[in-house]
Amino acid sequence: MNPRAAAVIGRAREAGRTIATAESCTGGMIAAALTDIAGASAVFGYGFVSYANDAKVAMLGVEPGLIAREGAVSETVARAMAEGARARAGADLAVAVTGIAGPEGGSAEKPVGTVWFGLARKDGATLAERRVFPGGRDAVRRATVDHALDLLAAALG
């Protein structure tokens with residue numbers, strides 16, 4: 001059990017708020033961490049795994065032109081993923097992640113370990129944040145899960 005996930009579920013229950021996830025590079029690991037916690041269904045109902053760009057478009061409503069212009073690993077796509085997940089789930093909060101976990105796929109502009117996070121709130125305020133995590137694929141994915149959970153916990157107070 002991930003203590004960060006337990007904190008998120010506990011805070012969401014106390015606040016009476018619901019959460020959703022939209023995941024690309026983590027492939028459902030954030031949702032899995034949350035649903036490892038007994039009673040998570042009271043606050044967590046939707047986890048979107050949108051690994052492919054087509055899935056980001058179909059499931060979350062991300063504009064294809066946005067992905068073509070900015071790339072899937074970008075601030076604007078992370079924001080759009082979070083907003084799409086929040087709206088489709090009817091949740092109070094949604095966190096989204098899109099990144100390059102490696103070992104391939106990086107560039108000078110977006111090296112392996114680059115992850116964009118989006119956090120959409122029901123009140124309309126959406127934040128985005130970029131991180132570059134060290135290590136191999138597993139380390140990048142684990143760090144991404146932990147940071148996404150930390151963002152949710154902070155948003156829940």
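The shortest side-chain heavy-atom distance between Leu93 and Lys122 does not fall under the 4.5 Å cut-off. Side-chain contact between Phe117 and Arg131 is present, with at least one heavy-atom pair separated by less than 4.5 Å. Residues Ser50 and Met81 are in side-chain contact: their nearest non-hydrogen atoms beyond the backbone lie under 4.5 Å apart. In this structure the side chain of Asp146 reaches within 4.5 angstrom of the side chain of Asn2, judged on heavy atoms. The side-chain heavy atoms of Thr98 and Val115, taken from C-beta on, include no pair separated by under 4.5 Å. In this structure, the side chains of Leu34 and Ile9 come closer than 4.5 Å at one or more pairs of heavy atoms. Inter-residue side-chain proximity for Leu119 and Thr126 is flagged as unmet; no heavy-atom pair is nearer than 4.5 Å. Put simply, the side chain of Thr144 reaches to within 4.5 Å of the side chain of Val140, judged on heavy atoms.
Scanning for side chain to side chain contact (heavy atoms under 4.5 Å, CB included) contacts around Arg130 gives Pro111, Thr114, Trp116, Val132, with sequence neighbours left out.
Ion pair Asp92/Arg121 not flagged as a salt bridge, since none of the NZ, NE, NH1 or NH2 atoms sits closer than 4.0 Å to an Asp/Glu carboxylate oxygen. The pair Glu75-Arg79 meets the salt-bridge criterion, with a side-chain N (NZ, NE, NH1 or NH2) lying under 4.0 Å from an Asp/Glu carboxylate O.
Val8 and Ala153 make their closest contact through CG2-N, 3.8 Å (heavy atoms, listed as atom of the first residue, atom of the second, distance). In this structure, Thr18 and Ala91 approach most closely via the heavy-atom pair OG1-CA, 3.2 Å.
Judged by distance alone, with hydrogens and angles left aside, the side-chain atoms of Lys56 form no donor-acceptor pair with the main-chain N or O of Val62 at under 3.5 Å. Listed for the Arg17 side chain is no donor-acceptor partner under 3.5 Å among the backbone atoms of Ala12. Under the 3.5 Å distance criterion, the side-chain polar atoms of Arg137 are left unmatched by any main-chain donor or acceptor of Pro103. At distances below 3.5 Å, not a single donor-acceptor pair connects side-chain atoms of Thr26 with backbone N or O atoms of Met29. Side-chain N or O atoms of Arg69 include one that pairs as donor or acceptor with a backbone N or O of Gly65 at under 3.5 Å. At least one donor-acceptor pair under 3.5 Å links the side chain of Arg141 to the backbone N or O of Cys25. Panel note: side chain Glu23, backbone Val97; no donor-acceptor pair is recorded below 3.5 Å.
Residues Val77 and Val57 fall within the same hydrophobic cluster, defined by Ile, Leu, Val, Met, Phe, Trp and Tyr side chains chained together at heavy-atom separations under 4.5 Å.
Among the candidates Ile30, Val95, Leu152, the single residue satisfying the side-chain contact (heavy atoms from CB on, under 4.5 Å) test with Ile19 is Leu152.
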> Please walk me through it: do Thr21 and Phe44 pass side-chain contact (heavy atoms from CB on, under 4.5 Å)?
Replying inline: CA-CA 9 Å; Thr21 60; Phe44 178 76; 3.8 Å; yes
